[in-house]
2 protein chains.
Amino acid sequence: MAQREVDLDSSVGYALKQAATALRAEMEAALEPLSLTVTQYSCLELLGQRPGLSAAELARGVFVTRQSMQSVLQGLQERGLLSRSTVPQGRALPTQLTPAGTDLLGRASRAVAAVESRMLQDRSAAEVARLRADLAACVAALEAPQP
Amino acid sequence: MAQREVDLDSSVGYALKQAATALRAEMEAALEPLSLTVTQYSCLELLGQRPGLSAAELARGVFVTRQSMQSVLQGLQERGLLSRSTVPQGRALPTQLTPAGTDLLGRASRAVAAVESRMLQDRSAAEVARLRADLAACVAALEAPQP
DNA sequence: TGCGCCATGTCAGGAGTCTGACATAAGCTG
DNA sequence: CAGCTTATGTCAGACTCCTGACATGGCGCA
């Protein structure tokens with residue numbers, strides 16, 4: 001086996017981490033004027049598109065633990081950006097954006113969209129869709145149960 | 001503007017984060033038997049391919065701060081996996097793998113390569129290269145100075 | 001019905017990483 | 001040459017997020 005197992009210059013995994021890191025850094029910079037962290041924005045965005053989600057569902061969608069999501073929700077709730085139902089749906093507590101939350105989300109969403117469109121500049125819609133599909137296929141392959 | 005600014009189901013950024021998270025989780029699982037964290041492995045791998053790197057250079061390559069890399073290096077050094085030069089090259093202290101470090105890196109590298117190849121299963125070499133190039137283009141676009 | 005099983009919310013503790021700060025060494029510039 | 005800038009290593013503190021644990025509410029099944 002003359003071939004090296006992992007070569008940084010041709011490793012998709014390394015490129016993936018590099019891209020995710022760069023994107024996160026640019027998102028942080030874009031969201032800083034709104035006093036939002038990337039995690040907080042992700043939470044608002046997810047909640048804006050899927051109103052009524054529970055904390056556990058939000059946590060999975062944002063890729064953090066329930067425990068972390070709890071403190072994120074507390075912070076956003078104290079800022080009046082979202083409200084949690086007092087009446088449990090079973091054990092879960094549905095969450096919704098407040099008008100202030102919806103307003104801030106709109107501005108944050110535009111800022112983030114600008115970053116993403118800068119990341120994808122000079123690429124056709126078809127190329128973008130292909131990249132997205134490639135990444136989704138990676139996720140599916142990784143999450144598939146292995147023997 | 002009827003189009004939503006950020007749609008999770010078609011957002012490349014979200015897919016990117018999802019893929020990076022899934023890959024990291026699988027890497028953690030693969031490296032756990034070797035008692036290595038992903039950061040520790042990344043450090044060893046980079047050092048194996050670029051011997052003599054300083055702590056600051058390693059930190060940039062692994063996407064952490066110098067301060068974090070310092071504690072990572074201390075842990076690896078105490079396990080006898082690497083050694084830091086006592087004679088500074090200027091201000092920097094070159095770092096090398098020990099034989100034990102090289103040996104462990106070999107096993108870790110194979111484990112990680114298995115994960116990456118599972119992630120990319122059913123794809124041609126050309127498709128993999130294209131994905132890697134797409135990701136690199138994202139990084140370049142994000143890091144390019146903006147007006 | 002009663003039991004086990006899973007998901008959710010929550011509390012406490014700890015590991016990892018980051019920001020801030022300082023001293024030192026090399027390079028550049030006037 | 002002196003001074004400024006940059007890069008590195010290091011120390012200290014704070015913050016974020018995670019792991020572990022527990023109680024509670026729904027669901028399936030014997």
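All heavy atoms count here, side chains included; hydrogens, waters and symmetry mates do not. Chain letters run A, B, ... following the sequence lines, proteins first, then strands; residues in each count from 1.
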Checklist entry - Any side-chain N or O of Arg84(B) under 4.0 Å from OP1/OP2 of dT8(D)? => result no

Checklist entry - Does a side chain donor of either Ser54(B) or Glu57(B) reach within less than 3.5 Å of an acceptor in the other side chain? => result yes

Item to check | Partners passing side-chain hydrogen bond (donor to acceptor under 3.5 Å, both in side chains) against Glu116(A) (at least two apart in sequence or in another chain) | outcome: Ser11(B)

Item to check | Out of dT8(D), dT8(C), dT10(D), whichever nucleotide has its closest atom nearest the side chain of Ala56(B) | outcome: dT8(D)

Checklist entry - dT24(C) P sits how many Å from Leu93(B) CG, rounded? => result 15 Å

Checklist outcome for this item: Under a 4.0 Å heavy-atom criterion, the protein footprint on nucleotides 13-19 of chain C, written with B, S and -, is ----SBB

Checklist outcome for this item: Rounding to 0.5 Å, atoms CG (Leu76(A)) and OG (Ser83(A)) come to a distance of 11.5 Å

Next on the checklist: Would you say Leu31(A) ends up clustered with Leu8(B) if hydrophobic residues are merged whenever their side chains have heavy atoms under 4.5 Å apart, either directly or through other cluster members?
Outcome noted: yes

Checklist entry - Rounded to the nearest Å, what distance is computed from the CG atom of residue Leu73(A) to the C1' atom of nucleotide dT8(C)? => result 13 Å

Checklist entry - Between atom CD in Gln70(A) and atom C1' in dA21(D), what is the gap in whole Å? => result 14 Å

Item to check | Spacing of SG belonging to Cys138(B) relative to CG belonging to Leu120(A), to within rounding of 0.5 Å | outcome: 5.5 Å

Item to check | All side-chain hydrogen bond (donor to acceptor under 3.5 Å, both in side chains) counterparts of Ser68(A), not counting sequence neighbours | outcome: Thr65(A)

